[in-house]
Amino acid sequence: MNAAAPVRVISPEPDDRIFVTQPHMAPLDEFIPYLEKIWESKVLTNRGPFHRQLEDALCEYLGVEHLALFANGTLALVTALQALRITGEVITTPYSFVATAHSLLWNGIKPVFVDIDPDTLNLDPHKIEAAITPQTTAIMPVHCYGHPCDVEAIRRIADNYNLKVIYDAAHAFGVQTDSGSVLQHGDLSALSFHATKVFNTFEGGAIICPDAKTKQRIDHLKNFGYVDEVTVVAPGINAKMSEINAAFGLLQLKHVDEAIAKRKRIDAMYRGQLRDVKGIRCLEDAGETVANCAYFPILVESDYPMSRDALFELLRSHDIVARRYFYPLISDFPMYRGLPSASRDNLPVATDAALKVLCLPIYPALSDEQVERIAGIVARGRS
Ligand SMILES: *Cc1c(COP(=O)(O)O)cnc(C)c1O
């Protein structure tokens, strides 16, 4: 055999498994004109025209005043902490994607885990005060699954103890409460536009800023700290969103309402079909929330005929790939579990939720028939 011959890869069968999510993508032909513009102008990054347009369009869509785009949500979190010069200890939730706490470690900050509320699975404000020490400088809550945190209670505690609040709003794209966008709360909020999120730019993210001055500082930080050709004001990083991602975001934004509407329909179908299933609990939305239906978490309680993991495997045997978001807890990963606040005794509600939760598939392309099939398997609780 000729050694230089390319290795022949046996092409896999088309993957007809149903995953927990599937990116919603605008039609390719609609994207071509954007690409042509980029090729014509040769502006690929560094606050090009699409980047500016997407910042404006997102401010309008989300109902916020100032927003800085990022290469991804994790760099947005890392930079948000830099922008507010957060040090020492930060109170956060163990029940999240690992990037929440990683953003603290990347800043040399010690995470202090506080337990969650059993109904919303968000940071429990009643347990925050007991975790505050002289080293505490901020709180980093997560609007888990897009359910708004108790923003008023968190603000009162932050005001009393002179703490900053940075929301990990990676799940909260477009979420509204009766007082407007959930993204207006806290000193800063960070969004993710990763492929798995409700609104995606392949990779991407943003920081919601309260004023133009803060946005300017953040814009400097995401571009190495450059202010102009010869002035560097901070040890910034490269966290800029490229023109190709920004252009795709502009196109995606045109289709996002339709995508969220389809998610809502799936959410309602699951709720209808699972309402009376013994041992299955669906999370409820708090108050007047306009939800984005980013996830469909269920809690598999002890009176369900099988364990959460058995249901997970049962769905897999039907080519349905549900996900245990969030299991394991962040506080159980090796770089966190030695912290005093990571002990399971300190986090009973989160520990319990992590053992019960299963996120069912939800994405715009999921058909009614597929939703019914998934809900049917969950309702039967056997193969
Ligand atoms: C997705 C996600 C992130 C990270 O965002 P990336 O854009 O993937 O870097 C952070 N926090 C939470 C809660 C997330 O779900």
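Atoms within a ligand are numbered from 1 in the order they appear, just like the ligands themselves. All figures in this text were calculated on a predicted structure; none of them were measured in a lab.
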Check: Out of L123, V357, L347, which residue meets the side chain to side chain contact (heavy atoms under 4.5 Å, CB included) rule with Y95?
Finding: V357
Notebook entry, point to check: Do the two ring centres, one from F202 and one from F248, sit under 6.0 Å apart?
Noted result: yes
Next item on the list: Could you walk me through whether K215 and D219 pass salt bridge (charged side-chain N to carboxylate O under 4.0 Å, His left out), step by step?
Entry: CA-CA 6 Å; K215 170 169 160 57; D219 281 342; 2.9 Å; yes
Item checked: Output field: ring centroids Y336/H102 closer than 6.0 Å -> yes
Next item on the list: Give, for atom OG of S343 and atom CG of D332, the distance between the pair rounded to the nearest 0.5 Å.
Entry: 10.0 Å
Ligand-protein N/O pairs under 3.5 Å (ligand 1):
residue: ligand 1; atom: 5 (O); partner: S192; partner atom: OG; Å: 3.2
residue: ligand 1; atom: 7 (O); partner: G73; partner atom: N; Å: 2.8
residue: ligand 1; atom: 7 (O); partner: S192; partner atom: OG; Å: 2.7
residue: ligand 1; atom: 9 (O); partner: G73; partner atom: N; Å: 3.3
residue: ligand 1; atom: 9 (O); partner: T74; partner atom: N; Å: 2.9
residue: ligand 1; atom: 9 (O); partner: T74; partner atom: OG1; Å: 2.6
residue: ligand 1; atom: 11 (N); partner: D168; partner atom: OD1; Å: 3.4
residue: ligand 1; atom: 11 (N); partner: D168; partner atom: OD2; Å: 2.7
residue: ligand 1; atom: 15 (O); partner: H171; partner atom: NE2; Å: 2.8
residue: ligand 1; atom: 15 (O); partner: K197; partner atom: NZ; Å: 3.2

Next item on the list: Ignoring hydrogens and angles, state whether a donor on the side chain of Y161 or E129 is under 3.5 Å from an acceptor on the partner side chain.
Entry: yes
